[in-house]
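Each remark here refers to the structure printed beneath this line.
For clarity, every value in this text was computed on a predicted model and none was experimentally measured.
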Amino acid sequence: MTVSLRFNPRAVPEPGQTAPIASERLARAKTSYAVRRVLLGKARALLRQAPPRPGDLVLARVAALGQHQHLESVTGRRVKLWPGDEIVLAYGNRYAPDQYEAFVPEDLGSCHLVAGGGIAARVRSRHGAIRPATTIEPQGLLVED
């Protein structure tokens with residue numbers, strides 16, 4: 001089963017809203033388990049000015065490490081994260097009372113890695129035994145063209 005990249009139909013890109021992405025840059029990014037069935041080779045651009053929605057794919061840069069210092073890769077192995085790493089995640093809401101309550105933000109501003117499997121969201125609350133979430137800086141939504 002394969003899944004195509006989702007383009008956010010609520011936002012019609014205008015000139016200057018997308019930037020081409022080099023296939024080499026995408027190949028260097030650490031890819032999460034959440035996007036394992038997506039054909040990332042179809043990604044041609046980054047949409048930089050659109051509200052994300054659940055399921056949208058995002059290329060993000062790790063800004064500061066927190067609770068999740070590893071990312072589960074497409075093979076299921078844990079990959080160490082470092083500040084500055086680029087990672088490919090999927091936006092999604094999360095309600096896990098023993099970790100985080102998080103939601104898909106309304107913009108492409110700073111947010112968090114809320115699950116080691118590769119979910120990007122903005123934390124609303126966290127369990128007292130859990131450290132603050134790893135902070136990420138979205139670079140843009142992946143789009144086919």
Side-chain angles (χ1 to χ4, degrees), residues 1-11 13 17-127 129-145:
M1 175 180 161
T2 59
V3 179
S4 64
L5 298 174
R6 181 184 303 169
F7 175 74
N8 189 328
R10 294 181 296 166
Q17 285 188 323
T18 61
I21 183 166
S23 58
E24 298 82 19
R25 180 180 178 192
L26 200 52
R28 282 191 309 268
K30 295 177 180 178
T31 306
S32 70
Y33 190 77
V35 301
R36 69 192 177 282
R37 299 197 187 274
V38 175
L39 300 175
L40 291 177
K42 290 185 173 186
R44 299 287 180 254
L46 289 174
L47 181 59
R48 297 179 187 256
Q49 298 175 357
R53 56 183 200 164
D56 283 345
L57 303 185
V58 61
L59 178 67
R61 185 182 55 78
V62 176
L65 293 175
Q67 178 68 24
H68 292 99
Q69 298 188 10
H70 293 84
L71 184 67
E72 188 174 350
S73 72
V74 294
T75 62
R77 292 185 171 240
R78 290 171 22 118
V79 178
K80 176 74 175 142
L81 292 176
W82 302 95
D85 280 351
E86 286 194 321
I87 54 179
V88 179
L89 310 170
Y91 275 105
N93 297 314
R94 183 162 194 223
Y95 178 71
D98 59 338
Q99 287 195 5
Y100 302 107
E101 177 185 7
F103 60 95
V104 175
E106 295 179 4
D107 57 37
L108 289 174
S110 178
C111 62
H112 305 99
L113 174 62
V114 297
I119 303 300
R122 196 165 286 151
V123 172
R124 178 176 299 161
S125 64
R126 67 181 167 94
H127 188 278
I130 298 295
R131 292 185 298 190
T134 293
T135 303
I136 59 173
E137 297 293 336
Q139 304 300 296
L141 300 177
L142 293 171
V143 294
E144 291 182 84
D145 274 330

Exercise. Does the side chain of Leu81 reach to within under 4.5 Å of the side chain of Gln69, using non-hydrogen atoms?
Worked result: no
Seminar exercise, completed: Interatomic distance, CG@Leu113 vs CG@Leu65, rounded to 0.5 Å, equals 9.5 Å
Problem set entry | Donor-acceptor pair, side chain of Arg37 and main chain of Ala34, under 3.5 angstrom | no
Exercise. Considering all heavy atoms of both residues, which atom of Ala43 and which atom of Leu142 are nearest to each other, and what is their separation?
Worked result: CB-CD2, 4.3 Å
Exercise. Measuring from Arg36:CZ to Thr31:OG1, what's the distance to the nearest 0.5 Å?
Worked result: 13.0 Å
Problem set entry | Nearest-0.5 Å distance, CG of residue Leu59 to CD1 of residue Ile136 | 10.0 Å
Exercise. Under 3.5 Å, is there a donor-acceptor pair between the side chain of Lys30 and the main chain of Lys80?
Worked result: yes
Exercise. Does Ser73 have any side-chain hydrogen bond (donor to acceptor under 3.5 Å, both in side chains) partners at least two apart in sequence or in another chain, and if so, which?
Worked result: Thr75
Problem set entry | Gap between atom OG of Ser23 and atom CZ of Arg28 - 0.5 Å precision | 9.5 Å
Problem set entry | Nearest heavy-atom neighbours spanning Arg25 and Leu46 | NH1-CD1, 3.9 Å
Problem set entry | Heavy-atom pair with the smallest gap, counting every atom of Cys111 and Pro138 | SG-CG, 4.0 Å
Let me check something: any side-chain donor-acceptor pairs from residues 89-98 under 3.5 Å, sequence neighbours excluded? List them with distances.
from, atom 1, to, atom 2, distance (Å)
Asn93, OD1, Val104, N, 2.7
Arg94, NH1, Gln99, OE1, 3.0
Arg94, NH1, Val114, O, 2.4

Exercise. Atom CG of Leu47 and atom CG of Leu57: how far apart are they, to the nearest 0.5 Å?
Worked result: 12.0 Å
Exercise. Are Ile87 and Ser32 close enough that some pair of their side-chain heavy atoms sits under 4.5 Å apart?
Worked result: no
Problem set entry | Where at least one partner belongs to residues 102-121, residue pairs that pass side-chain hydrogen bond (donor to acceptor under 3.5 Å, both in side chains), sequence neighbours excluded | Asp107-Arg122, Ser110-Glu137
Exercise. Taking C-beta and beyond as the side chain, do Asp85 and Val79 meet within less than 4.5 Å on heavy atoms?
Worked result: no
Exercise. Of the non-hydrogen atoms in Pro52 and Leu141, which two are nearest, and what is the gap between them?
Worked result: CB-CD2, 4.2 Å
Problem set entry | Whether Gln67 side chain and Ala133 backbone form a donor-acceptor pair below 3.5 Å | no
Exercise. Looking only at heavy atoms, which two atoms of Tyr100 and Arg131 are closest? And how far apart?
Worked result: OH-O, 2.8 Å
